[in-house]
Student: 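Please see the structure below; I have some questions.
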Amino acid sequence: MKKVLAIIGARPQFIKHFPLELAAKNKVDLLTLHTGQHYDENMSNVFFNQLGMSEPNFQLNIGSGTHGVQTAKMIIEIESVCLREKPDGMLVYGDTNSTLAGAIVSSKLHIPLFHVEAGLRSYNKSMPEEVNRIMTDHVSSLLFIPSEVSKSNLLKEGIESGVHMVGDIMKDIVQYVSINNLGQNPEVEAPYIYATLHRPYNVDIKERLKSILTELNLLPEKVIFSRHPRTKNKMETLQLNDEDYPNIVFIEPQGYLENMGYLMNCSRLITDSGGMQKEAYWLKKQCITIRSETEWVETLEQDANTLVFDDLSTIKDLFKLSPTWSNSLYGDGNASEQIINTINDYLS
Ligand code: UD1
Ligand code: UDP
């Protein structure tokens, strides 16, 4: 079996890795390296324990830092693991600093790179993720894309070879949870709106964060807010107090199955998360995305997802919409199997 090193480090990557680990059994010798970008119990361990995933083979424990320091430390450590282990290929997910660090090491050591969730673009280069994903795509040998739009995004940048449309790997796990009825019932009475926010442009600046919280506090239904540690830390340092927003119930970051439960039982989602825009779509929940653009443009069709950025007071007007959803968005939920088979073909 060929040896592939998967780089993971942030919450959504642990989740994306779960179906891939299942699909790789007896087909690929899949080793996992956890950079330590996310490290709190409920941002990291909970996912491995809850989903029954293998412990990572390599734990770098890099932790938080400025982008330069964090990414540089990851590069040094990932390179040293690669020099020792000599993997036949490297696999990275999405667009975080852990993704970029893996991509840089693989390109310097001439290890073929496989990018899951390739071809996404927000066309907003002030987002660190946009730079990370462009750079990663440009050094990848295999690019696993979810849609026609991602294919044309890559074509515009001259990337044509190695592109495989497999759908979205997060659909694999959402279907797995739905079919096996694994979503945990939330400890809160419906109706409620579910919310998550963690993008720097929404949570790092006091006036912006305050105006979003003020608007959520005015909504006609209570808001259950799963608070990312970045957002919690910012509220503390910016002196924004939970008690000033009585319509918002702040909860700790949830395990995946609890989060699914909150999403399955909510009336609608308000978020700036990439992954949760898709999850809301597949679970047929209206999504309101607090961003000026999205990479997941297909979710905007039929009012399933709506962008709101400057005029936050319009959020409540969107409750009147009657969205509809297509069952086939981003594939059939078998991306992981297609990814593993394509990697095997490539390496043999
Ligand atoms: C990162 C990714 C983002 C992704 C998000 C998923 C980059 C540039 N950003 O953003 O694309 O959407 O993860 O959640 O890679 N912190 C803790 N405990 C933790 C992790 C973080 O307290 O376990 C706090 C620290 O104060 C840290 C801050 O959160 O400085 C931000 O963490 P970081 O990983 O740098 O960025 P995210 O905002 O989580
Ligand atoms: N998620 C979770 N618990 C939470 C909030 C989110 O398990 O309290 C999951 C969510 O279901 C999705 C992923 O985390 O699969 C999304 O991660 P996040 O929003 O942190 O990052 P993004 O997708 O924006 O990169």
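Note that ligands are numbered from 1 as they come in the structure, with each ligand's atoms numbered from 1 the same way.
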Student: I'd like to check Y262 versus V188 (side-chain heavy atoms, cut-off strictly below 4.5 Å). Are they in contact?
Tutor: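 Side chain of Y262 against side chain of V188, heavy atoms only: contact under 4.5 Å found.
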Student: Check if F47 has a non-hydrogen atom at a distance under 4.0 Å from any atom of ligand 2.
Tutor: yes
Student: Determine, considering heavy atoms only, which of Q50, Q254, M260 sits nearest to atom 3 (N) of ligand 2.
Tutor: Q254
Student: Tell me, please, whether F309 has R291 positioned over its six-membered ring: NZ or CZ under 6.0 Å from the ring centre and within 45 degrees of its axis?
Tutor: no
Student: Does L31 reach the side chain of P87, with side-chain heavy atoms less than 4.5 Å apart?
Tutor: no
Student: What part of R11, side chain, backbone, both or neither, has a heavy atom within less than 4.0 angstrom of ligand 2?
Tutor: side chain
Student: Which residue and atom name correspond to the protein heavy atom nearest atom 9 (C) of ligand 2, and how close is it?
Tutor: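 Closest protein heavy atom to atom 9 (C) of ligand 2: I15 CD1, 3.6 Å.
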Student: Taking the six-membered ring for Trp, is the centroid-to-centroid distance between F18 and Y176 below 6.0 Å?
Tutor: yes
Student: Number the atoms of ligand 2 from 1 as they appear, then name those within less than 4.0 Å of a heavy atom of M170, with their elements.
Tutor: 12 (C), 15 (O)
Student: Is any side-chain heavy atom of L182 less than 4.5 Å from a side-chain heavy atom of M260?
Tutor: no
Student: Taking the six-membered ring for Trp and the full ring for Phe, Tyr or His, determine whether the centres of F114 and Y346 are under 6.0 Å apart.
Tutor: yes
Student: Just heavy atoms, cut-off under 4.0 Å: does S226 contact ligand 2 by side chain, backbone, both, or neither?
Tutor: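 Under 4.0 Å from ligand 2, S226 contributes side-chain atoms alone.
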Student: Among all protein heavy atoms in this structure, tell me which lies nearest to atom 21 (O) of ligand 2, with the distance rounded to 0.1 Å.
Tutor: P12 CG, 3.5 Å
Student: Does any non-hydrogen side-chain atom of H115 lie less than 4.5 Å from one of D137?
Tutor: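 In short, these two side chains touch, coming nearer than 4.5 Å.
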Student: Any atoms of ligand 2 less than 4.0 Å from a non-hydrogen atom of P253? List them with their elements.
Tutor: 8 (O)
Student: Taking only residues at least two apart or on different chains, which pairs with a member in residues 13-35 satisfy side chain to side chain donor-acceptor pair (under 3.5 Å)?
Tutor: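 As it turns out, the side chain to side chain donor-acceptor pair (under 3.5 Å) pairs with a partner in residues 13-35, which skip direct neighbours, are Q13-T96, Q13-T99, K16-E117, H17-T32, H17-Y93, E21-S54, K27-N341, H34-S44, T35-S98.
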Student: Measure from every N or O atom of ligand 1 to the protein's N or O atoms and keep only the pairs below 3.5 Å, writing each with atom names and distance to 0.1 Å.
Tutor:
| residue | atom | partner | partner atom | Å |
| --- | --- | --- | --- | --- |
| ligand 1 | 11 (O) | E129 | OE2 | 2.6 |
| ligand 1 | 12 (O) | H198 | NE2 | 2.9 |
| ligand 1 | 12 (O) | R199 | NH1 | 3.4 |
| ligand 1 | 13 (O) | H38 | NE2 | 3.4 |
| ligand 1 | 14 (O) | H228 | NE2 | 3.1 |
| ligand 1 | 15 (O) | Q37 | NE2 | 2.9 |
| ligand 1 | 15 (O) | N97 | N | 2.8 |
| ligand 1 | 18 (N) | Y39 | OH | 3.4 |
| ligand 1 | 18 (N) | D40 | OD1 | 3.4 |
| ligand 1 | 18 (N) | D40 | OD2 | 3.0 |
| ligand 1 | 23 (O) | Y39 | N | 2.9 |
| ligand 1 | 23 (O) | D40 | N | 2.9 |
| ligand 1 | 26 (O) | N233 | ND2 | 3.0 |
| ligand 1 | 34 (O) | Q37 | NE2 | 3.1 |
| ligand 1 | 34 (O) | H38 | NE2 | 3.2 |
| ligand 1 | 38 (O) | R230 | NH1 | 2.9 |
| ligand 1 | 39 (O) | H38 | NE2 | 2.8 |
| ligand 1 | 39 (O) | H228 | NE2 | 3.2 |

Student: Who's the nearest protein heavy-atom neighbour of atom 1 (N) of ligand 2, and how far?
Tutor: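 That would be N259 ND2, 3.4 Å.
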Student: To which of M276, K16, R199 does the heavy atom nearest atom 24 (O) of ligand 2 belong?
Tutor: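 Closest candidate by heavy-atom distance is R199.
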Student: Apply the test side-chain contact (heavy atoms from CB on, under 4.5 Å) to residues Q302 and W325: give CA-CA distance (whole Å), side-chain angles for both, the deciding distance (0.1 Å), then the verdict.
Tutor: CA-CA 7 Å; Q302 276 109 32; W325 298 265; over 6 Å; no
Student: Quick one: list whatever passes ring-ring contact (aromatic ring centres under 6.0 Å, His included) with F58, sequence neighbours left out.
Tutor: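 Listed in chain order: nothing, the list is empty.
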Student: Tell me, which pairs form a side chain to side chain donor-acceptor pair (under 3.5 Å) where one or both residues lie in residues 178-194, sequence neighbours left out?
Tutor: Y194-N259
Student: Show the atoms of ligand 2 that are less than 4.0 angstrom away from any heavy atom in E279.
Tutor: 10 (C), 11 (O), 12 (C), 15 (O)
Student: Which of the numbered atoms in ligand 2 are below 4.0 angstrom from a heavy atom of G274?
Tutor: 22 (P), 23 (O), 24 (O)
Student: Suppose we measure from atom 16 (C) of ligand 2 to each protein heavy atom; which comes out shortest, and what is that distance?
Tutor: S273 OG, 3.8 Å
Student: Give me the atom names and distance for the closest heavy-atom approach of V131 to K125.
Tutor: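 Heavy atoms only, the tightest pair is CG2-O, 3.8 Å.
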Student: Are L20 and I169 side-chain neighbours, meaning at least one heavy-atom pair lies under 4.5 Å?
Tutor: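 With C-beta onward as the side chain, the pair touches.
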Student: Could you tell me the residue and atom name of the protein heavy atom closest to atom 23 (O) of ligand 2, and the distance to it rounded to 0.1 Å?
Tutor: G275 N, 2.8 Å
Student: Using a 4.0 Å heavy-atom cut-off, which part of E129 comes near ligand 2: side chain, backbone, both, or neither?
Tutor: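 It is neither part, as no heavy atom is under 4.0 Å.
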